[in-house]
Amino acid sequence: MNDQQTVTSQRKNRTKGHLKLALIELIKEKGYHPVSIKDIVSYAAYNRSTFYVHYQDKIELAKDLLDSMLQGLEDSVGKPYVPGHKVYTAKLNAPSFNIVSYIYGHRNFFELIKYEDTLPELHTRFPQTILKIYQDHFIFETINNIPVNMDYFKRYTAYGFYGLLLNWITNDFKETQDEFIEKVIDLTKTHIYSVEYISE
């Protein structure tokens, strides 16, 4: 990619970022369904023709916003881990839960979960992404190697973690990241002996 292409790509990403931010703020203000393209371009200080360069309609913008944020969530998880390297839960620390840092760093987006008329599919795809992360990227070893149905175990653990995240978000992140992670680690130690990250 040459310099001109890089600048064009950066400009395109910046414009799309402004449109996504406008959608987030407008959903919080009035709910998803009443938001129009006119509202979005007015909020983002663009014209309609600029919007249509990037998106066909509001639905495509909403999908791009959701897809990019949840892909970012999945990508963030592996950063603290060495693929194939077993980590004992007794040694887990704050960086082990980079997923929490990602959610807090993008809390403006994840707060949308609190709204009734919110981004389509957010309430289903957010927990499904956490389950996908557990299913695709982690091998768990139970305490004392107790035999369990690992598919059930991962579902139970993933949706339990999602419940804790949901509670943290809906309570406006009252606990600090470190306080929240510490409580999650304490719970993890009660049923998981070790975790191993698998890259794709």
Side-chain angles (χ1 to χ4, degrees), residues 1-81 94-95 97-133 136-137 158 161-162 165-166 168-173 176-177 180-181 197 199-200:
M1 190 180 283
N2 62 36
D3 290 347
Q4 184 57 46
Q5 286 174 316
T6 302
V7 169
T8 304
S9 177
Q10 286 173 342
R11 189 181 299 123
K12 181 182 174 185
N13 289 338
R14 190 164 57 246
T15 302
K16 289 173 88 168
H18 290 154
L19 293 170
K20 287 175 185 175
L21 183 60
L23 181 59
I24 291 170
E25 296 303 333
L26 287 163
I27 290 171
K28 291 178 179 179
E29 199 176 290
K30 54 167 67 180
Y32 172 77
H33 286 93
V35 175
S36 66
I37 290 171
K38 184 182 175 186
D39 294 330
I40 295 165
V41 295
S42 174
Y43 193 99
Y46 289 114
N47 55 45
R48 290 176 78 95
S49 59
T50 302
F51 180 92
Y52 290 116
V53 166
H54 301 285
Y55 300 106
Q56 287 183 346
D57 50 29
K58 181 180 80 170
I59 295 167
E60 191 180 13
L61 168 61
K63 185 179 183 308
D64 187 32
L65 171 60
L66 185 62
D67 288 349
S68 60
M69 292 306 299
L70 293 182
Q71 187 59 55
L73 184 72
E74 190 173 344
D75 293 343
S76 75
V77 174
K79 286 178 182 171
Y81 295 96
F97 282 86
N98 199 49
I99 187 171
V100 174
S101 303
Y102 178 86
I103 288 168
Y104 188 74
H106 297 89
R107 58 193 178 279
N108 190 37
F109 167 81
F110 285 99
E111 283 168 348
L112 291 176
I113 201 84
K114 299 192 293 185
Y115 296 83
E116 200 170 316
D117 184 13
T118 193
L119 205 61
E121 299 186 8
L122 175 60
H123 282 105
T124 51
R125 287 192 53 202
F126 183 13
Q128 284 169 357
T129 300
I130 293 174
L131 177 59
K132 182 178 185 290
I133 288 165
D136 295 354
H137 297 291
F161 181 44
Y162 170 72
L165 287 168
L166 190 60
W168 188 47
I169 295 166
T170 52
N171 285 320
D172 299 319
F173 306 96
T176 66
Q177 282 186 80
F180 178 73
I181 290 169
Y197 180 78
S199 60
E200 298 238 73

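Counting begins at 1 with the first residue of the sequence. Just so you know, these numbers come straight off a predicted model, no measurement behind them.
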**Request:** Quick one: pull up CD1 in Ile133 and CD1 in Ile99 and give me the separation to the nearest 0.5 Å.
**Result:**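 That separation rounds to 4.0 Å.
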
**Item:** CD1 on Ile40 to CG on Leu21, rounded to 0.5 Å
**Value:**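 CD1 of Ile40 is found 11.5 Å from CG of Leu21.
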
**Prompt:** Is the NZ or CZ atom of Arg107 both under 6.0 Å from the centre of the six-membered ring of Phe110 and within 45° of that ring's axis?
**Reply:**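 No; the conditions do not both hold, so Arg107 does not lie above the ring face of Phe110.
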
**Request:** Using the ring of Phe109 (Phe, Tyr or Trp, six-membered ring only), decide whether Lys20 places NZ or CZ under 6.0 Å from its centre and within 45 degrees of its axis.
**Result:** no

**Asked** Just wondering, do His137 and Val77 contact through their side chains at under 4.5 Å, heavy atoms?
**Response** no

**Item:** Test side-chain contact (heavy atoms from CB on, under 4.5 Å) applied to Phe126 and Ile169, step by step
**Value:** CA-CA 13 Å; Phe126 183 13; Ile169 295 166; 4.0 Å; yes

**Message:** Tyr32 vs Ile27, test: side-chain contact (heavy atoms from CB on, under 4.5 Å). Steps then yes/no.
**Reply:** CA-CA 5 Å; Tyr32 172 77; Ile27 290 171; 4.0 Å; yes

**Other residues, nucleotides, ligands: >12 heavy atoms within 6.0 Å of Lys63 NZ** =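 At most 12 heavy atoms, drawn from other residues, nucleotides or ligands, come within 6.0 Å of this atom.
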
Would you tell me whether [X] and [Y] have side-chain atoms, one donor and one acceptor, within less than 3.5 Å of each other?
X: Asp67; Y: Gln71; value: no
X: Glu74; Y: Thr129; value: no
X: Ser42; Y: Asp39; value: no

**Prompt:** Should Glu25 and Asn108 be marked as a side-chain contact (heavy atoms from CB on, under 4.5 Å) after you check the CA-CA gap, both sets of side-chain angles, and the distance that decides it?
**Reply:** CA-CA 8 Å; Glu25 296 303 333; Asn108 190 37; 3.1 Å; yes

**Prompt:** Using the ring of each side chain (for Trp, its six-membered ring), is Phe180 parallel, tilted or perpendicular to Trp168, with breaks at 30° and 60°?
**Reply:** parallel

**Request:** Indicate the ring-plane relationship of Tyr197 and Tyr81, choosing parallel, tilted or perpendicular according to the 30° and 60° boundaries.
**Result:** parallel

**Item:** Heavy-atom closest contact (Ile37 atom, Asp57 atom, distance)
**Value:**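 Scanning both residues completely, I find the closest heavy atoms to be CD1-CA, 4.1 Å.
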
**Expected output: side-chain Lys58 to main-chain Val35 donor-acceptor under 3.5 Å** =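 Present.
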
